[in-house]
Amino acid sequence: MYNSKITGMGFYVPDNIVTNDDLAKIMDTNDAWIQERTGIQERRWIPEGSEDTSAVMGAKAARIAIERSGLTKDDIDFIVFATLSPDYFFPGCGVMIQDMLDMQTIGALDVRNQCSGFLYALSTADQFIKTGMYKNILVIGAEYHSNALDKTTRGRGVGVLFGDGAGACVLSRTEDNTKGILSTHLYSQGKYADKLIVKTPSIKHWVPEILAGKEDDTSYFPYMDGQLVFKNAVVRFSEVINEGLNANNLTSKDIDLFVPHQANLRIAQFIQKRFKLNDDQVYNNIMKYGNTTAASIIIALTEAWEKGKVKDGDLVVLAAFGSGFTWASAVIRW
Ligand code: UT7
């Protein structure tokens, strides 16, 4: 059996910075509340008139990842794309990226696992490589949240949290079984599907309802039972990280770098404390980008790597929890 390893990574975020003070001008919120509860100082939102979308940002990140992998677009033999904010209901963004990058006729798959989307995508790609089916897979996570948030006081509990951006990596076959993705673990618990959800528009609530003009209908905006999500997140993060470590006969002492999904700095700090990790062993950037959902882990991992925080031989642990509920971890020997 083959192994898979990340050979190139890239990320793209829009230039437009939206600070907490900027939000305080359009809704009843303040910098102190947002920073205290979430750690977020600013986020990137695609500005009006920009061509950026989830697919466009994903393509920008993918170009960087492919170049850094030392491969060309023609070496890529499959695409896995994760988002909760696709450009269209269908087709998925994966095929759009194939076209944007002028790639060969290959397969493209969209993954819809929200905050855990990147890890589900990475795991999917890992399985294809381990079985020998593909050699170089482009794995992308991208989100365009800002166009679908309730930016009024009514939506402040969710609207201040999310940012736009994309990250990508190339996962390649290696015959060195001491390096690369050691394991992934994926879970879901659909009984909590309605605790973090956008209900409308959907196939159930379609054009006639939209045309009826439902300005007061909050089902068009993300809803989150924040405290329930928080409580489940800290439990599931811990479980799935432990499972990954145990599966590889490792302990938290072996972790060189932990990159959690960037949902809330307080969740990341809780996990850091629970696993007795020092600040150098954890990478967070929610302060600058907010929660970019399926893009957050790969943006953070790429940024950490760019800063020299991911070195050859390091043990890197990734973990996520979010809507679905879904949660996942990946253990990687760099
Ligand atoms: O990536 C997906 C996974 N997501 C997560 O893991 C997020 C998990 N949950 C959380 O991070 C937290 O629940 C939040 C940061 C979202 C919210 O923090 P909280 O401590 O649970 O606040 P809350 O929703 O209970 O609201 C507390 C108060 C309320 O006011 P009252 O009822 O106590 O008067 C809210 O109306 O804070 C108010 N509030 C705000 N005030 C200022 C809610 N949003 C805001 C805001 N600015 N943006």
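Order of listing sets the numbers, starting from 1, for every ligand and every atom in it.
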Mind listing the side-chain donor-acceptor pairs of residues 189-196 below 3.5 Å, one per line with the distance, residues two or more places apart or on another chain?
| from | atom 1 | to | atom 2 | distance (Å) |
| --- | --- | --- | --- | --- |
| Gln189 | OE1 | Arg236 | NH2 | 3.1 |

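The side-chain hydrogen bond (donor to acceptor under 3.5 Å, both in side chains) search around Gln104 returns none, not counting sequence neighbours.
No close placement of the Phe258 and Phe275 rings is indicated, their centers lying 6.0 Å or farther apart.
For residues 160-181, the pairs satisfying salt bridge (Lys or Arg N to Asp or Glu O under 4.0 Å) are Lys179-Asp312, with sequence neighbours left out.
By the rule that hydrophobic residues join a cluster once side-chain heavy atoms approach within less than 4.5 Å of another member, Leu186 and Leu318 end up as members of one cluster.
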For ligand 1, list every N/O pair with the protein closer than 3.5 Å, one pair per line with the distance.
| from | atom 1 | to | atom 2 | distance (Å) |
| --- | --- | --- | --- | --- |
| ligand 1 | 1 (O) | His261 | NE2 | 2.9 |
| ligand 1 | 1 (O) | Asn291 | ND2 | 2.6 |
| ligand 1 | 9 (N) | Gly226 | O | 3.0 |
| ligand 1 | 11 (O) | Asn264 | ND2 | 2.6 |
| ligand 1 | 13 (O) | Gly226 | O | 3.2 |
| ligand 1 | 20 (O) | Arg37 | NH1 | 2.6 |
| ligand 1 | 21 (O) | Gln227 | NE2 | 3.4 |
| ligand 1 | 22 (O) | Arg37 | NH1 | 3.3 |
| ligand 1 | 25 (O) | Gln227 | NE2 | 2.7 |
| ligand 1 | 36 (O) | Arg156 | NH2 | 3.0 |
| ligand 1 | 37 (O) | Trp33 | NE1 | 3.0 |
| ligand 1 | 41 (N) | Trp33 | NE1 | 3.4 |
| ligand 1 | 47 (N) | Thr29 | OG1 | 2.6 |
| ligand 1 | 48 (N) | Thr29 | OG1 | 3.0 |
| ligand 1 | 48 (N) | Arg156 | O | 3.1 |

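With rounding to the nearest 0.5 angstrom, the OG1 atom of Thr184 is 9.5 Å from the CD1 atom of Ile332.
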